[in-house]
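Just below is one structure, and these are the notes that go with it.
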2 protein chains.
Amino acid sequence: MSHTLGVRQAQKQKTRRALLDAALELLEEQSLSSLGLREVTRAAGVAPTAFYRHFRSVEDLGVALVEEALGSLHPMIRTIVSTTGDGEERIVRAIGLIARHVDAHPAHVRFIARERHGGVQVVREAIRDQLALFAVEVGEALAEDPVSAGWGEEDLMMLAQLYVDQMLVTASALLEAPVSGVGARERVFRTAVRRMRLIGIGRAHWLEGGVGGGG
Amino acid sequence: MSHTLGVRQAQKQKTRRALLDAALELLEEQSLSSLGLREVTRAAGVAPTAFYRHFRSVEDLGVALVEEALGSLHPMIRTIVSTTGDGEERIVRAIGLIARHVDAHPAHVRFIARERHGGVQVVREAIRDQLALFAVEVGEALAEDPVSAGWGEEDLMMLAQLYVDQMLVTASALLEAPVSGVGARERVFRTAVRRMRLIGIGRAHWLEGGVGGGG
DNA sequence: CCATCCAGTCAACAGCTGTTCTCCGACGTT
DNA sequence: AACGTCGGAGAACAGCTGTTGACTGGATGG
């Protein structure tokens with residue numbers, strides 16, 4: 001399938017990875033708009049000027065990180081929305097998947113949570129666009145779910161966005177839970193399940209109170 | 001009531017305000033961890049060294065901004081939770097109050113949304129603590145509401161946190177809506193109302209599916 | 001084998017940063 | 001009227017920043 005990269009391109013990719021990883025680690029204790037080019041290259045063990053061979057600027061690197069972080073999240077969403085089983089079981093499994101993802105890629109999750117409303121415009125926009133795609137994806141899955149039968153397009157998207165938001169809120173909360181306290185993590189998990197349960201209940205009774213958008 | 005401040009203290013407060021306002025304005029396009037001391041003093045029209053007469057560091061100024069921003073939000077929460085009327089009317093009024101607050105203090109809202117997960121630890125903690133207080137306050141109001149009769153403490157807090165989160169999400173979404181597009185803002189408003197409505201429905205049916213926490 | 005390419009290095013630049021110390025002058029107090 | 005207080009200004013410090021141009025040496029492709 002994929003062409004075996006030449007030695008040259010392989011080395012370049014390696015340096016690029018070193019830059020991205022160094023940035024990701026530095027960003028655990030600061031935000032992108034304060035991240036310096038020299039700071040990154042120093043942490044990556046490369047000369048400052050080497051940076052320009054890979055990125056036009058730090059903002060550019062930030063956009064690359066968005067694609068990487070949310071790209072890895074994409075398959076997870078597909079898994080969640082395609083999960084079968086009754087309501088409660090689905091919820092627990094979904095939150096479990098989120099928790100696993102947070103454990104596997106904590107730096108990515110932190111980066112997205114931090115820069116979603118961060119100080120770099122292009123990065124904010126990149127995140128917003130990706131999340132909008134997620135919402136559309138979730139919305140399409142919801143449209144095929146019998147529980148959402150008869151729902152209007154606007155209501156479906158409202159619920160899809162709510163799910164995406166909850167996913168981020170949950171991931172962020174799991175991240176903030178102290179690594180030492182197993183109890184704290186368990187509590188966050190249970191609260192997240194309850195939230196999803198409440199939303200599920202609201203969803204199940206959504207059409208009861210009279211629809212027909214009389215506006 | 002309040003002692004009339006001397007000329008000296010009045011001047012000091014004035015400079016302090018200038019620093020806070022300058023910082024707030026600068027923070028609309030960057031984040032706190034990249035905000036420089038000299039940058040702030042320059043924008044405030046003061047010598048760099050004057051900064052130290054008011055704050056130990058930029059982080060310190062950040063904490064002051066948290067207190068100011070969330071302090072002004074405190075009375076709004078009280079107003080919302082004490083609002084009477086049927087469900088739908090309450091929701092519309094609450095979101096309306098949020099929208100008014102965003103219009104009145106956009107820089108404050110932006111600051112909180114940005115620094116809640118931002119790169120400065122002490123500021124994150126200050127925001128987290130204040131939001132926890134809000135949740136407690138909302139939780140107490142919910143406990144007195146007949147709709148929540150028979151709810152366990154943990155469920156009440158889950159719902160209270162959900163409301164506080166939704167408040168921030170809504171405020172942030174209103175802020176990001178382009179100032180030009182009146183339609184965009186209206187759409188954000190309607191979506192927020194639907195979200196609250198769904199949560200309200202979930203709340204109304206919460207105790208139906210069998211309680212008793214058999215775990 | 002040779003010419004080309006190109007990721008990474010090095011030196012240097014003007015400009016910015018936080019922090020210290022010293023000083024000034026208006027205010028508050030006696 | 002004299003004196004202590006103290007918010008703010010000024011100069012200077014070492015250290016950092018992004019960006020430039022010219023250069024090197026190993027991989028690439030004919």
Side-chain angles (χ1 to χ4, degrees), chain A residues 2-27 29-65 115 118-123, chain B residues 2-27 29-65 115 118-123:
Chain A
S2 67
H3 235 256
T4 307
L5 263 54
V7 180
R8 202 154 202 179
Q9 296 238 349
Q11 280 291 348
K12 183 169 184 180
Q13 294 284 345
K14 197 176 162 188
T15 303
R16 188 186 143 99
R17 261 262 59 89
L19 289 170
L20 289 170
D21 288 340
L24 224 33
E25 190 172 340
L26 289 167
L27 285 172
E29 284 170 353
Q30 61 183 311
S31 43
L32 186 66
S33 77
S34 70
L35 187 65
L37 179 152
R38 290 185 108 104
E39 205 179 350
V40 176
T41 56
R42 200 184 309 131
V46 190
T49 47
F51 186 92
Y52 293 104
R53 303 290 183 195
H54 302 270
F55 307 102
R56 196 183 299 269
S57 65
V58 177
E59 301 197 356
D60 199 28
L61 179 143
V63 173
L65 282 178
E115 301 304 330
V120 181
Q121 197 186 24
V122 286
V123 170
Chain B
S2 66
H3 234 255
T4 307
L5 264 51
V7 179
R8 201 147 204 191
Q9 297 235 351
Q11 282 290 347
K12 183 170 184 179
Q13 295 283 347
K14 196 176 164 189
T15 304
R16 187 186 144 99
R17 263 260 59 89
L19 288 171
L20 290 170
D21 289 341
L24 268 177
E25 191 171 341
L26 289 167
L27 285 173
E29 284 171 352
Q30 61 184 310
S31 43
L32 186 66
S33 77
S34 69
L35 188 66
L37 179 152
R38 290 185 107 104
E39 205 179 350
V40 176
T41 56
R42 199 184 312 130
V46 191
T49 47
F51 186 91
Y52 294 103
R53 305 288 184 195
H54 300 271
F55 307 102
R56 194 182 302 267
S57 64
V58 177
E59 301 197 356
D60 199 28
L61 178 142
V63 173
L65 282 178
E115 301 304 329
V120 181
Q121 196 185 27
V122 287
V123 170

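Every chain is numbered from 1 and lettered A, B, ... according to where its sequence line falls, protein lines coming before strand lines.
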Qualifying side chain to side chain donor-acceptor pair (under 3.5 Å) pairs with a residue from residues 30-43 of chain B, counting only residues at least two apart or across chains: A:Ser31-B:Ser31, A:Ser31-B:Ser33, A:Ser33-B:Ser31, A:Ser33-B:Ser34, A:Ser34-B:Ser33, B:Gln30-B:Ser34, B:Gln30-B:Glu39
Contact class for B:Ala50 (heavy atom, under 4.0 Å): base, sugar-phosphate, or nothing? sugar-phosphate
Partners passing side chain to side chain donor-acceptor pair (under 3.5 Å) against B:Asp60 (at least two apart in sequence or in another chain): none
What distance do A:Leu65 atom CG and A:Glu115 atom CD have between them, rounded to the nearest 0.5 Å? 9.0 Å
What residues from residues 37-45 of chain B pass a heavy-atom cutoff of under 4.0 Å to DNA chain C? B:Leu37, B:Arg38, B:Arg42
Intra- and inter-strand pairs of DNA chain C in dot-bracket (Watson-Crick or G-U wobble, both distances under 3.5 Å; | for another strand): ||||||||||||.||||.||||||||||||
B:Phe55 side chain reached by B:Leu37 side chain, heavy atoms, under 4.5 Å: no
Rounded distance [0.5 Å steps], CG in B:Leu35 versus CG in B:Leu27: 5.0 Å
Let me confirm one number: the CZ-CD distance from B:Arg16 to B:Gln13, rounded to the nearest 0.5 Å. 6.5 Å
Whole-Å distance separating the OH atom of A:Tyr52 from the C1' atom of D:dC23: 18 Å
Are any side-chain N or O atoms of B:Glu59 and backbone N or O atoms of B:Val122, one a donor and one an acceptor, separated by less than 3.5 Å? no
Heavy-atom contacts, protein to nucleotides 2-7 of chain D, under 4.0 Å, summarised as B (base), S (sugar-phosphate only) or - (none) per nt, yield ---BBB
Between atom NE2 of A:His54 and atom CG of A:Leu19, what is the distance when rounded to the nearest 0.5 Å? 5.5 Å
So the contacted stretch of DNA chain C, first to last nucleotide with an atom under 4.0 Å from a non-hydrogen atom of chain B, runs from C:dT17 to C:dG28
